[in-house]
Structure formats: C-alpha cells, structure tokens
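Only one structure is covered here, and it is reproduced in the block below.
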Amino acid sequence: MSFKKPTIWGNGSVAPSAKCPQCKLLMYLGNQCPHCKHWLSVKEKDAQKRFWKKRRNSEIVKGLIFFPILLLLLFLLFV
C-alpha cells in the first residue's frame, strides 16, 4: 500500500480526514481512499473537512485557556 502521508500540518489539503465511510480506516483528504479505493462524494469530503476544522479549533481554544493559567501559576509561584 503506497499512499502519500501529509507533510505540512497547517495545510488543509493534506490534513488527515476522518475515517473512510466504507472500510472505516483513517484516510487523507482527497477523492479516493488509499485502502479500498472508495471515491468520496462531495458531501462526504465536506463533512470530513468540517470535522477536522472543528477538532482543530477546539484544541486551539484549550491551548488559549491552558497557557494563561500556567503563566499565572508560575508567576504566583515565583513572586
């Protein structure tokens, strides 16, 4: 099995998508699953893009909450 793995994490065209609707294995954004050769419909591809955008945004929000709290704790600890 030879399929391209993503090399640029910020690029949405190579970010991993959700699981293939047919074989349930992790695939990457594109028109065809590298495992079972299932062609994604436009609806399936859009749903996978929305899934990963939502997941990425939730991780950013968690980071924006965690780091200020960590900096505040470090400040209070060493002052």
Side-chain angles (χ1 to χ4, degrees):
M1 175 180 347
S2 63
F3 56 92
K4 295 180 182 178
K5 291 187 178 181
T7 56
I8 304 170
W9 288 102
N11 190 350
S13 63
V14 294
S17 67
K19 296 185 179 188
C20 174
Q22 187 172 350
C23 67
K24 305 297 183 204
L25 294 173
L26 185 67
M27 57 180 287
Y28 299 99
L29 291 178
N31 294 329
Q32 189 176 19
C33 174
H35 308 100
C36 66
K37 305 300 182 200
H38 172 72
W39 285 93
L40 292 177
S41 67
V42 174
K43 282 185 178 181
E44 291 170 340
K45 196 171 176 182
D46 289 342
Q48 290 180 350
K49 283 182 184 178
R50 281 193 310 273
F51 170 78
W52 283 102
K53 283 181 183 178
K54 184 177 179 182
R55 186 167 179 177
R56 180 192 66 206
N57 291 344
S58 70
E59 296 297 324
I60 290 172
V61 168
K62 287 179 186 176
L64 290 174
I65 293 170
F66 172 75
F67 284 110
I69 292 173
L70 178 68
L71 291 174
L72 179 65
L73 289 174
L74 289 173
F75 176 75
L76 293 175
L77 184 65
F78 291 109
V79 170

Query - Pairs flagged by salt bridge (Lys or Arg N to Asp or Glu O under 4.0 Å) wherever residues 68-79 is involved - sequence neighbours left out - result: none
**Report entry** Lys53 side chain reached by Arg50 side chain, heavy atoms, under 4.5 Å
**Finding:** no
Run the side-chain donor-acceptor check on residues 58-79: report pairs under 3.5 Å with partners two or more places apart or on a different chain.
from, atom 1, to, atom 2, distance (Å)
Ser58, OG, Arg55, O, 2.8

